[in-house]
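Let me begin by presenting the structure, written as structure tokens, before commenting on it.
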Amino acid sequence: MKVQSYLSFEGRCDEAIAFYKKALGAEVVQLMRYSEAPAGAPEGDAEAGCAGGMPSPDKVMHSVLRVGQTELMLSDGSCSGHAEFKGIMLSLSAGNDADARKWFDALADGGQVIQPLTPTFFTTSFGMLSDRFGVGWLLVADPAVA
């Protein structure tokens, strides 16, 4: 069994992809836009579209980003313009303090630091933040991942 995260950026998926590529070195594994949907796909479906209709053809229907050893799935969702990521955080383990600092600072750009990156009783670097999209991140230095 495998559990993966699927993040809906509500119309800002292209911006999120560019941000994670720069901040974390993420690699786009797959990207499909609504313009690539097969002929005969349902149109005008209020449940599946942006603001009650078929999304703009340039919006991201589905994408997969590889971040280190993990794949994250992303889309534009219902394109409401305001993504809400409440009650979850993505945990990012760095092999050393320098990488933890680099990724923490990059993700914090335009976001909100919840707990500054600092030494704790269980690791040499630990911090929490919400990035500019509202995605919660927990960063920890873990030499075992080096």
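- You'll find the side chain of Ser130 reaches within 4.5 Å of the side chain of Ile114, heavy atoms only.
- Atom CG of Asn96 and atom NZ of Lys102 lie 8.5 Å apart (nearest 0.5 Å).
- Counting heavy atoms from C-beta on, the side chains of Trp103 and Val67 never come closer than 4.5 Å.
- Residues Val29 and Met32 do not share a hydrophobic cluster, clusters being chains of Ile/Leu/Val/Met/Phe/Trp/Tyr side chains in contact below 4.5 Å.
- For CD of Gln69, the number of neighbouring non-hydrogen atoms (other residues, nucleotides, ligands) closer than 6.0 Å is 12 at most.
- Not a single donor-acceptor pair under 3.5 Å links the side chain of Asp131 to the backbone N or O of Leu107.
- In this structure, Leu117 and Gly127 approach most closely via the heavy-atom pair CD1-N, 3.5 Å.
- Arg101 pairs with exactly one of Asp99, Asp97, Asp105 by the side-chain hydrogen bond (donor to acceptor under 3.5 Å, both in side chains) rule, that one being Asp105.
- Considering CE of Met89 and CG of Leu139, their distance stands at 9.0 Å, rounded to 0.5 Å.
- Looking at heavy atoms from C-beta onward, Ser75 lies in side-chain contact with Tyr6 at the 4.5 angstrom threshold.
- Annotation: side chain of Glu71 is not in contact with side chain of Leu65 (no heavy-atom distance under 4.5 Å).
- Residue Arg132 holds its CZ atom at 14.5 Å from CD of Gln112, rounded to the nearest 0.5 Å.
- Counting heavy atoms from C-beta on, the side chains of Val135 and Leu90 come closer than 4.5 Å.
- Donor-acceptor pairing under 3.5 Å is recorded for the side chains of Glu10 and Ser80.
- Applying side-chain contact (heavy atoms from CB on, under 4.5 Å) to Asp76 and the options Met61, His62, Lys59 leaves one that passes, Lys59.
- In this structure, the side chains of Phe9 and Phe85 come closer than 4.5 Å at one or more pairs of heavy atoms.
- To the nearest 0.5 Å, the span separating CG on Asp142 from CZ on Phe126 amounts to 12.5 Å.
- Taking hydrophobic clusters as Ile, Leu, Val, Met, Phe, Trp and Tyr residues chained together by side-chain heavy-atom distances below 4.5 Å, Met73 does not share a cluster with Phe133.
- Under the 4.5 Å side-chain criterion, counting only non-hydrogen atoms from C-beta, Leu24 is not in contact with Phe19.
- Between atom CZ of residue Phe104 and atom CG of residue Asp109 there is a gap of 12.0 Å, rounded to the nearest 0.5 Å.
- Nearest heavy-atom pair, Ser8 versus Ala83, reported as atom, atom and distance to 0.1 Å: O-CB, 3.5 Å.
- Taken to the nearest 0.5 Å, the CE atom of Met128 stands 11.0 Å off from the OG atom of Ser91.
- The closest donor-acceptor contact from the side chain of Thr123 to the backbone of Ala141 lies under 3.5 Å.
- Connection of Phe121 to Val140 is established within a shared hydrophobic cluster, with ILVMFWY side chains joined at heavy-atom distances below 4.5 Å, either directly or through further cluster members.
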